[in-house]
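Quick caveat, the model's predicted, so the values are computed rather than measured. All values below were derived from every heavy atom in this structure, side-chain atoms included, with hydrogens, water molecules and symmetry-related copies excluded. Quick note on labels: first sequence line is chain A, next is B, and so on, each numbered from 1.
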2 protein chains.
Amino acid sequence: MTDEQFPRPIVTVDIVLLTLSDERLCVALLPRATEPFQTFAGLIGGYIHADEDQDAEDAVRRILKQKTGLDGIFFEQLRSFASAKRDPRGWSVSIAYFALVPKPVLEAAAHTLELRPVTEPGSLPFDHGEILAAAVNRLRGKGAYSTLPARLLPDIFTMSELQSIYETVIGERLDQSAFRRKISDLNLLEEVEGEKRQTERARRPTTLYRLKDPISVFNRRI
Amino acid sequence: MTDEQFPRPIVTVDIVLLTLSDERLCVALLPRATEPFQTFAGLIGGYIHADEDQDAEDAVRRILKQKTGLDGIFFEQLRSFASAKRDPRGWSVSIAYFALVPKPVLEAAAHTLELRPVTEPGSLPFDHGEILAAAVNRLRGKGAYSTLPARLLPDIFTMSELQSIYETVIGERLDQSAFRRKISDLNLLEEVEGEKRQTERARRPTTLYRLKDPISVFNRRI
DNA sequence: AAAATAGTGTCTATGAGACAGTATCGC
DNA sequence: GCGATACTGTCTCATAGACACTATTTT
């Protein structure tokens, strides 16, 4: 830690904003305002503002607010991508985050975001393709062992909706009976009393639930 | 991504080097050569050298080699720690890694490393205490679902040694029969034929094994 | 009654923990 | 034989998946 003669790399924060659209996991992209890759759609990102951001999470919140209008949504650090070649401007570090947002919340707040299925994101600037892949991987992996996927739903949801989210996140069909049993064993949800509702084509009204804790991690698979 | 007028933060790489000493998980620390916190023992770290390091992993390899003499050991990115206050010199980013090394390898190569049990690391400079805690957490968590703990053993080891490593990493006793059954079901090891050996106080010679793949992740607990 | 979704019960296979039992060595 | 470690077999219980069954609503 002696040699401060070395030039400092560029440091940015990049956010993989994920949501569910038509039963598919999608990433929200933003047309880039400046060079390099101007006008190309890329991950939501920006520089750290040393004067106003106390830490990287502050920068994430600020950038999300400024560039998408979103506020108070779930996000978590993924990892950093650091190399000489990832940015044409020179040696750079991207501290990557992924964020989860329910589609209705995204639609209410969003400026001009472009949604693309994570399976066919098209061509992305920098190493954003790699960052996206890492985020999806993390969500799929951690999704089976936590309540992460529920962050893609509104606060209040039905058991079927929850199961459906888990199915698209994990990428496999789940048995209804086993799913309900596990969820109830894990004691993650609380019933929203009196609030029954009928889903679109449903006949029988459904019990509604909400999460007890923001994020729970358990040690068996859903 | 427009405002390049903002000052660039300091970027360093910090490595939590873990090994097993007397059945305890220990972190290897290095007395700091320069201010701040000169002479205090801290994590192994350094600046990125934009000219010689192509990416952060290159920097990790170079720093490990220079500061400890170690080469070719296992390491993996943890996450980054970035804030205005973590370093008295100003806004800084530490890309944190953790590395695992067998004790004999560490002893053969090491310069003047200080080993401290991760449970009582003493006072550490910067936020190195927090980084250490995150590394231990990751190892404990991922350890139960992967062959990570085997990186704390030499290439060739006995089943008992492997079980013992898992026990200290996970922090609980494991049933011998179940352990062997699971390891063999997962098909992770290959027998080192003809090579039998007697452990210190053992009577009956033991079969020796090596890992088939560097790191495997499975989806049930060991 | 039929259609459609909500929710429950049960059977079976598999994997885990507990623990006893057998094997092979040095002394 | 005894002590010590290496290794195997078996019993029982918990959990998972499969799938059939019941429940409640609208049309």
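Contact check on B/K103 versus B/E107 returns a salt bridge, with a Lys/Arg side-chain nitrogen under 4.0 Å from an Asp/Glu carboxylate oxygen.
With sequence neighbours excluded, the residues forming a ring pair (Phe, Tyr, Trp, His ring centres under 6.0 Å) with A/Y166 are A/F179, listed by chain and number.
For the helix from C/dA1-D/dT27 to C/dC27-D/dG1, the angle separating the two terminal helix axes comes to 20°, with each axis derived from five pairs and the value rounded to 10°.
For residues 168-179 of chain A, the side-chain hydrogen bond (donor to acceptor under 3.5 Å, both in side chains) pairs, not counting sequence neighbours, are A/E167-A/R173. For the salt bridge (charged side-chain N to carboxylate O under 4.0 Å, His left out) condition, the pairs that include at least one residue of residues 139-149 of chain A, sequence neighbours left out, are A/E76-A/K142.
At least one side-chain heavy atom of B/L18 sits under 4.5 Å from a side-chain heavy atom of B/L139. Contact check for A/H128 versus A/P125: side-chain heavy atoms found under the 4.5 Å cut-off. Between A/L189 and A/M159, the closest side-chain pair of non-hydrogen atoms falls below 4.5 Å.
Put simply, the side chain of B/S177 and the base of C/dG17 share no donor and acceptor less than 3.5 Å apart.
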Polar atom pairs (N or O), protein with nucleotides 21-24 of chain D, under 3.5 Å:
unit_1	atom_1	unit_2	atom_2	d
D/dA23	N3	A/R204	NH1	2.7
D/dT24	O4'	A/R204	NE	3.4

Check nucleotides 15-17 of chain D for protein N or O atoms closer than 3.5 Å to its own N or O atoms and list the pairs.
unit_1	atom_1	unit_2	atom_2	d
D/dA16	OP1	A/R220	NE	3.0
D/dA16	OP2	A/R220	NH2	3.3
D/dG17	OP2	A/K182	NZ	2.9
D/dG17	N7	A/R181	NH2	3.0

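Look at CD on A/E191: it is 15 Å from P on C/dA6, rounded to the nearest Å. In this entry the distance linking CE of B/M159 with C1' of D/dC7 reads 10 Å, nearest Å. Here D/dC7 presents its P atom at 11 Å from CD of B/E161, a figure rounded to the nearest Å.
Positionally, the nearest nucleotide of DNA chain C for B/F179 lies more toward the 5' end than for the other of B/Q176 and B/F179.
Counting non-hydrogen atoms of neighbouring residues, nucleotides and ligands closer than 6.0 angstrom, the NZ atom of A/K212 exceeds 12 such neighbours.
Panel note: side chain B/R138, backbone B/Q77; a donor-acceptor pair is recorded below 3.5 Å.
There is no side-chain donor-acceptor pair under 3.5 Å between B/T158 and B/T206.
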